[in-house]
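So the structure is just underneath, and the comments pick up after that.
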Amino acid sequence: QKHNSARLDPNEACSKLGALLPRLYSISSAQSKVGSEVHLSVAVVEYSTGGQDRYGVCTNYLCTRMPAGEESIPIYVQESDFKPPADPSVPMIMIGPGTGIA
């Protein structure tokens with residue numbers, strides 16, 4: 001609408017787009033409690049710009065568009081070097097900066 005003189009064929013525009021980058025989320029469940037399930041804490045990304053409402057691609061799908069009754073989605077697990085202290089009695093504070101969840 002700002003540049004209504006621009007003309008671009010939809011197929012050409014789509015051919016210029018790159019693949020979406022993976023969305024990385026931290027697991028918020030303990031395997032000892034949920035077995036083979038993985039639970040995530042997700043905050044929906046929503047904002048407005050130029051009078052248009054915008055929504056996060058993955059968070060919007062997970063929280064509002066995932067088909068009813070769908071119990072699983074395909075995931076990729078990224079390896080991590082994180083290891084909790086060997087002694088489980090040692091106090092530990094875990095922080096998820098930038099997650100949008102407080």
Exercise. Would you say Y55 and M66 are hydrophobically clustered, going by side-chain heavy atoms of ILVMFWY under 4.5 Å?
Worked result: no
Exercise. Roughly how far apart are C63 SG and E46 CD, rounded to 0.5 Å?
Worked result: 9.0 Å
Exercise. What is the distance from atom SG of C58 to atom CZ of R65, rounded to the nearest 0.5 Å?
Worked result: 13.0 Å
Taking side-chain contact (heavy atoms from CB on, under 4.5 Å) as the definition, give me every residue that meets it alongside [X], ordered by chain and number, with sequence neighbours left out.
X	value
D87	S89, V90
I75	I73, V77
L17	none
P84	F82, M92

To which residues is [X] joined in a hydrophobic cluster, defined by side-chain heavy-atom contacts under 4.5 Å among Ile, Leu, Val, Met, Phe, Trp and Tyr, whether direct or through other members?
X	value
L20	V57
L21	none
V45	Y47

Problem set entry | Heavy atoms from other residues, nucleotides or ligands near CD of Q31 exceed 12 (cutoff 6.0 Å) | no
Contacts of type side-chain hydrogen bond (donor to acceptor under 3.5 Å, both in side chains), residue [X], not counting sequence neighbours:
X	value
T64	N60
E37	H39
S48	D53
S29	none

Exercise. So, for S15 and E12, which heavy atoms are closest and what is the spacing to 0.1 Å?
Worked result: OG-O, 2.7 Å
Exercise. Can you name the nearest heavy-atom pair linking V42 to L62, along with the distance?
Worked result: CG2-CD1, 4.1 Å
Exercise. Do Y61 and P67 touch side chain to side chain, with heavy atoms closer than 4.5 Å?
Worked result: yes
For this session: Sorted by first residue and then second, give each side-chain hydrogen bond (donor to acceptor under 3.5 Å, both in side chains) pair with at least one member in residues 77-86; sequence neighbours left out.
Result: none
